[in-house]
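Protein chains get the first letters and strands the later ones, always in sequence-line order, with residue 1 at the start of each.
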Number of protein chains: 2
Amino acid sequence: MDLISELGPLAFGSRLKRLSETIMRGGEDVYRFYGVDFQPKWFPIFYFLSQKSEAGIMEIAEGLNVTHPAVIQMSKELEKKGLIVSKKSDEDARKRNLKLSKKGKDLLPTLQKIWEEIKLMNAEIIENQEHNLLIAVKEIEDAWAAKSYLERFKEFHGL
Amino acid sequence: MDLISELGPLAFGSRLKRLSETIMRGGEDVYRFYGVDFQPKWFPIFYFLSQKSEAGIMEIAEGLNVTHPAVIQMSKELEKKGLIVSKKSDEDARKRNLKLSKKGKDLLPTLQKIWEEIKLMNAEIIENQEHNLLIAVKEIEDAWAAKSYLERFKEFHGL
DNA sequence: ATCAATTACGTAAGTGATTACGCAAATTTT
DNA sequence: AAAATTTGCGTAATCACTTACGTAATTGAT
């Protein structure tokens, strides 16, 4: 018995978290299957740098909508793996810019191929859904962005 | 700019996590609004015990679909707050049973009222969705339960 | 030009979960 | 009844973030 699945929206947070972890784990398997030394958690930063070519910590953090310590931590791993390099900015002494290393750039085409396949397959799963998860999440995100939960709550109860 | 929201299914994990954290935070606000000293993270165990009245660690863990250390950690907080009590089982010396304390039982009616209101409001948000998040998540969970990601992946690519 | 405010980054500690490991009690096998 | 297995629980370490705080560099106001 899984009580949570009976609770409806109440315990929904934990449920989403679990689902996201399952998805992440699935990603690991796919990289391993292709014999590529890459982890799903590296994707956001790596992908960002493949698009922007060079960026400071804060720029990445804002782009990915995470905090800057999160970027620092993840990028440390990527740097250790030799996939990215960092160097102090010339224009602004406070900034440290990140970019893909030679090794990172070399790996990029392979990763892009894998990403494309994952994307295709995910798209298929999603499209087979009667209720589309992506759209549903977007709707909820938008609802939340428009009004805070508490505001909504007060309003709903005429307070 | 939020890059993640442009990535489609690829960075979906992080996105779900963020949404779940937003939901949790919303819950905090509501309890605070009612002046009740209760946190969303306590809900699963507390609710479980309000239904089962007395249960061992493993029973709760299975019921909530989390690991037993998670139950131990959360229940420590609840015990510290005086909302639950624990005692060694008479029948089985390995087991430690948890149940609501007097204080916990006294708080229950108030919490139930708040839960009911949260549930009503969430239901309204959900029902206004064109694509229902709850159903969508359930569909994905079921799809995953039926077949592992990698299996699905190999199959999809005819491997 | 100086002083205040802001920005960019770094570190430390906390969070809510997990995996890995170990032990003792109960159950099953033989 | 002894041995092997399973079960229930506890602890420690880890994970991928977060918040809180600090510092140095830049920008803005007067």
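No side-chain heavy atom of A:Lys113 sits under 4.5 Å from any side-chain heavy atom of A:Thr110. A heavy-atom distance below 4.5 Å is not found between the side chains of B:Leu133 and A:Glu139.
Of the residues near DNA chain D, A:Glu91 and A:Gln39, the one whose nearest nucleotide (by heavy atom distance) lies more toward the 5' end is A:Gln39.
Of the possible donor and acceptor atoms, one in the side chain of B:His131 sits under 3.5 Å from a partner among the backbone N and O of A:Asn132. B:Ser86 places no side-chain N or O within donor-acceptor distance of the main-chain N or O of B:Arg96, the cut-off being under 3.5 Å. Side chain of A:Lys87 to backbone of A:Asn97: no donor-acceptor contact under 3.5 angstrom is found.
No path of Ile, Leu, Val, Met, Phe, Trp and Tyr side chains, each step under 4.5 Å between heavy atoms, connects B:Met58 with B:Leu49, placing them in separate hydrophobic clusters.
Annotation: proximity of residues 74-83 of chain B to DNA chain D (heavy atom, distance under 4.0 Å) is found for B:Lys76, numbered in ascending order.
Closest to the side chain of B:Pro69, from the set C:dA26, D:dT18, C:dT19, is C:dT19.
B:Ala70 comes within contact range of at least one nucleobase, with a heavy-atom separation under 4.0 Å.
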Pull out every protein N or O sitting under 3.5 Å from an N or O of nucleotides 4-9 of chain C, one pair per line with the distance.
| from | atom 1 | to | atom 2 | distance (Å) |
| --- | --- | --- | --- | --- |
| C:dT7 | O2 | A:Arg94 | NH1 | 2.6 |
| C:dC9 | OP1 | A:Ile57 | N | 3.4 |
| C:dC9 | OP1 | A:Arg96 | N | 2.9 |
| C:dC9 | OP1 | A:Arg96 | O | 3.4 |
| C:dC9 | OP2 | A:Ile57 | N | 3.2 |
| C:dC9 | OP2 | A:Met58 | N | 2.6 |

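Whole-Å rounding puts the A:Asn65 CG to D:dT18 C1' distance at 13 Å. Taking atom CD of residue B:Glu28 and atom P of nucleotide D:dT18, one finds them 15 Å apart after rounding to whole Å. One atom, CG of B:Leu64, and another, C1' of C:dT18, lie 16 Å apart when rounded to the nearest Å.
Electrostatic pairing of A:Asp106 and A:Lys103 does not count as a salt bridge here, judged by no charged N lying under 4.0 Å from a carboxylate O.
Judged by atom type and distance alone, B:Gln73 reaches the base of C:dT18 through a side-chain donor-acceptor pair under 3.5 Å.
Checked against ring pair (Phe, Tyr, Trp, His ring centres under 6.0 Å), B:Phe38 has the following partners two or more places apart in sequence or in another chain: B:Tyr31, B:Trp42, B:Phe46.
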